[in-house]
Enquirer: 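Got a structure here, written out as structure tokens. Questions coming.
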Amino acid sequence: MNLALILISVLILGSAAVALALRNLIHSALLFVGCWAGIAAFYLWAGAEFVAFAQVLIYVGAVSMVVLFAVLLTRQSDAAEPMNPDSFSRFMRALVAGGGVAGILVGAILGTPMDVSTAGPAPTLTVKEIGGQLMGPHAAALLIVGLLLTVALLGAVVIAAVDRPEKSEDAS
Amino acid sequence: MSPLQLCLLLSSLLFCVGLVGALARSNTILVLLGVELMLNAANINFIAFWRYGPNPAAGTGVLFVLFAIAVAAAEAAVGLALVIAVYRHQKNIRLQEANRLKG
């Protein structure tokens, strides 16, 4: 049981770290797909099947496509100068900050006694129950999330749309 | 070591990988992906505490993760649209050079 979790963790952390260290953005985006698929595998391992499939649909399917489109639309031409290597001191400072946070969190986790019932079987939450909860006590939140998604996606289209020609003539 | 502690360690390390990526890289898309990684780490925490918590039948953690994924998808769409808009103005997406409010 723990072995599967450790394997999934190695997959997630390894692909995430390599993706953030690479220079090639397309390789990074494809490695992020692997990382998100690993997180979906973690959800399956934990018994949250509905969340795992939502993760596959939204992250592995949709967000990765949006990221790939953004990478391709903002690609520098080969004639352009290559991206300057990030300054070493900035990377070291980021590493110190991240390492500090990691040390504090790991110390807190390892130092806390957690007497939870780990021996129990995996809880089962059927899709019917989730739907009942979404439509019952959380109906207002569901409506607000739908409105938020609509507004955010319309705003994304407006922001990314090309300016009208007369506007650019005015600006010039 | 209990499985709950392993899950929490996984989410903490994933959060820190995302944090280092968001702080160290100067490419806007990679910074956004680092923030997404931190959101995913928070979701892993929710699922872990739902799985090993005292009352898993309530399903609160699962519902919270569903809403968090929806909000994260909206955030990714708007962020990448902003990246495209910035690229159109200054022809690159380095964060250090995005320092003007009006292009």
Side-chain angles (χ1 to χ4, degrees), chain A residues 1-2 5-6 9 12-13 16-17 20 25 28 32 36 39 42-43 46-48 50-51 54-55 58 62-63 66-67 70-71 73-74 76 83 86 90-91 94-95 97-98 101-102 105-106 109-110 114 116-118 122-123 125 129-130 133-134 138 141 145 148-149 152-153 155-156 159-160, chain B residues 1-10 12-21 23-27 29-30 33-34 36-37 40 43-44 47-48 50-54 56-57 59 62-63 65-67 69-78 80-85 87-88 92-94:
Chain A
M1 183 108 177
N2 279 355
L5 178 58
I6 289 170
S9 307
I12 293 173
L13 292 174
L20 283 173
L25 271 182
S28 292
F32 263 104
W36 287 326
I39 293 172
F42 169 80
Y43 292 153
F50 189 75
V51 178
Q55 171 93 8
I58 294 175
V63 174
V66 176
V67 169
V71 169
L73 285 176
T74 61
Q76 317 273 343
M83 275 203 171
D86 298 325
R90 202 156 133 254
F91 174 70
L95 207 60
V101 174
L105 285 176
V106 169
I109 290 167
L110 291 183
M114 296 190 188
V116 293
S117 60
T118 57
L125 197 66
E129 287 168 347
I130 293 175
Q133 294 226 13
L134 278 179
H138 301 283
V145 163
L148 172 79
L149 273 176
L153 293 179
I159 289 171
Chain B
M1 187 183 295
S2 69
L4 176 59
Q5 278 180 324
L6 276 178
C7 295
L8 295 184
L9 283 179
L10 164 65
S12 309
L13 293 179
L14 189 62
F15 183 90
C16 293
V17 168
L19 183 67
V20 171
L23 288 178
R25 298 307 300 261
S26 63
N27 191 306
I29 295 178
L30 280 176
L33 287 175
E36 288 284 330
L37 269 190
N40 272 309
N43 288 346
I44 286 177
I47 290 294
W50 165 76
R51 167 73 174 78
Y52 295 109
V62 169
L63 290 171
V65 169
L66 286 178
F67 287 123
I69 285 178
V71 175
E75 175 241 333
V78 174
L80 292 168
L82 281 174
V83 169
I84 292 174
Y87 176 77
R88 193 180 307 125
N92 68 42
I93 52 173
R94 280 174 61 81

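All values derive from a computational prediction rather than experimental measurement. We name chains A, B, ... by the order of the sequence lines, and we start the count at 1 in each one. The figures that follow rest on heavy atoms only: side chains count, while hydrogens, waters and symmetry mates do not.
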Enquirer: Of the non-hydrogen atoms in A/A70 and B/L80, which two are nearest, and what is the gap between them?
Expert: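 That would be CB-CD2, 3.7 Å.
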Enquirer: Identify the two heavy atoms, one from A/W36 and one from B/L33, that lie closest to each other, and give their separation to 0.1 Å.
Expert: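 Minimum heavy-atom contact is CH2-CD2, 3.8 Å.
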Enquirer: Which pair of heavy atoms, one from B/C16 and one from A/G98, lies closest together, and at what distance?
Expert: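 B/C16 and A/G98 have their closest heavy atoms at SG-O, 3.6 Å.
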Enquirer: For B/L19, is it the side chain, the backbone, both, or neither that has a heavy atom closer than 4.5 Å to a heavy atom of chain A?
Expert: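 Looking at B/L19, just its side chain touches chain A.
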Enquirer: Examine whether an atom of B/L9 lies under 4.5 Å from a heavy atom of chain A, and if so say whether it belongs to the side chain, the backbone or both; otherwise answer neither.
Expert: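 For B/L9, the contact with chain A is made by backbone and side chain together.
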Enquirer: Select one option (side chain, backbone, both, neither) describing which atoms of B/L30 are under 4.5 Å from chain A's heavy atoms.
Expert: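 Backbone plus side chain of B/L30, per the 4.5 Å heavy-atom cut-off to chain A.
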Enquirer: Between B/A81 and A/A156, which heavy-atom pair has the shortest distance, and what is it?
Expert: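 Closest approach of B/A81 to A/A156: CB-O, 3.3 Å.
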Enquirer: How long is the straight-line distance from CZ of A/F32 back to CD of B/E36, given to the nearest 0.5 Å?
Expert: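 If we round to the nearest 0.5 Å, B/E36:CD and A/F32:CZ are 9.0 Å apart.
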Enquirer: Look at the side chain of A/R90 and the backbone N and O of B/R25, then say whether any donor-acceptor pair between them is shorter than 3.5 Å.
Expert: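 Yes; at least one donor-acceptor contact below 3.5 Å.
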Enquirer: Heavy-atom pairs under 4.5 Å with chain B are the metric here; pick the option from A/V145, A/L125, A/I58, A/I109 that has the most.
Expert: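 Looking at each of A/V145, A/L125, A/I58, A/I109 in turn, A/I109 comes out on top.
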Enquirer: With a 4.5 angstrom heavy-atom cut-off, could you sort out which part of B/V20 is near chain A: side chain, backbone, both or neither?
Expert: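 Both backbone and side chain.
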Enquirer: Using a 4.5 angstrom heavy-atom cutoff, name the option from B/A72, B/G59, B/C7 with the most pairs to chain A.
Expert: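 Ranked by heavy-atom pairs under 4.5 Å with chain A, first place is B/C7.
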Enquirer: Would you say that B/N43 contacts A/V51 through its side chain, given a criterion of any heavy-atom pair below 4.5 Å between the two side chains?
Expert: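 No, their side chains stay 4.5 Å or more apart.
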Enquirer: Could you pull out the closest heavy-atom pair between B/V62 and A/A48, with the gap in Å?
Expert: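 It is CG2-CB, 4.4 Å.
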Enquirer: Looking at chain A, which one of B/L14, B/I84, B/V65, B/V71 has the largest number of heavy-atom pairs inside 4.5 Å, strictly under?
Expert: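 Highest number of heavy-atom pairs under 4.5 Å: B/L14.
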Enquirer: Backbone N or O of A/G47 within a donor-acceptor pair of the B/R51 side chain at under 3.5 Å?
Expert: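 No.
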Enquirer: Which answer fits B/L63, side chain, backbone, both or neither, if we ask what part of it has an atom under 4.5 Å from a heavy atom of chain A?
Expert: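 Only the side chain of B/L63 comes within 4.5 Å of chain A.
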Enquirer: Can you measure from OH (A/Y43) to CD1 (B/I44) and round to the nearest 0.5 angstrom?
Expert: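 Interatomic distance, A/Y43 OH to B/I44 CD1, rounded to 0.5 Å: 5.5 Å.
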Enquirer: Does any backbone or side-chain atom of A/I39 lie under 4.5 Å from a heavy atom of chain B? Answer side chain, backbone, both or neither.
Expert: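 The answer is the side chain of A/I39.
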Enquirer: With rounding to the nearest 0.5 angstrom, report the CD1 to CG distance, A/I12 to B/L10.
Expert: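 Going from the CD1 atom of A/I12 to the CG atom of B/L10 covers 5.0 Å.
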Enquirer: Chain B: which of A/L153, A/V63, A/L149 shares the most heavy-atom pairs with it under 4.5 Å?
Expert: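 Of A/L153, A/V63, A/L149, A/L149 has the most heavy-atom pairs under 4.5 Å with chain B.
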Enquirer: Please report the closest heavy-atom contact between B/W50 and A/A46, naming both atoms and the distance.
Expert: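 In this case the closest contact between B/W50 and A/A46 is CZ3-O, 3.8 Å.
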Enquirer: Tell me every residue that passes side-chain contact (heavy atoms from CB on, under 4.5 Å) with A/L105, counting only those two or more places apart in sequence or in another chain.
Expert: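 A/V101, B/S12.
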Enquirer: If we define contacts as heavy-atom pairs under 4.5 Å, which of A/G155, A/A62, A/A141 has the most with chain B?
Expert: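 Most pairs with chain B among the choices: A/A141.
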Enquirer: Which atoms of A/S9 are under 4.5 Å from chain B, going by heavy atoms: the side chain, the backbone, both sets, or neither?
Expert: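 Both backbone and side chain.
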Enquirer: Find the distance between CG (B/L6) and CG (A/N2) and round it off to the nearest 0.5 Å.
Expert: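 Atom-to-atom, B/L6:CG and A/N2:CG are 5.0 Å apart.
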Enquirer: Would you give the length of the straight line joining atom CZ of A/F42 to atom CG of B/N40, rounded to the nearest 0.5 angstrom?
Expert: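 So the CZ of A/F42 and the CG of B/N40 are separated by 11.5 Å.
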Enquirer: Does any backbone or side-chain atom of B/L8 lie under 4.5 Å from a heavy atom of chain A? Answer side chain, backbone, both or neither.
Expert: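 When you check distances to chain A, atoms from both the backbone and side chain of B/L8 fall under 4.5 Å.
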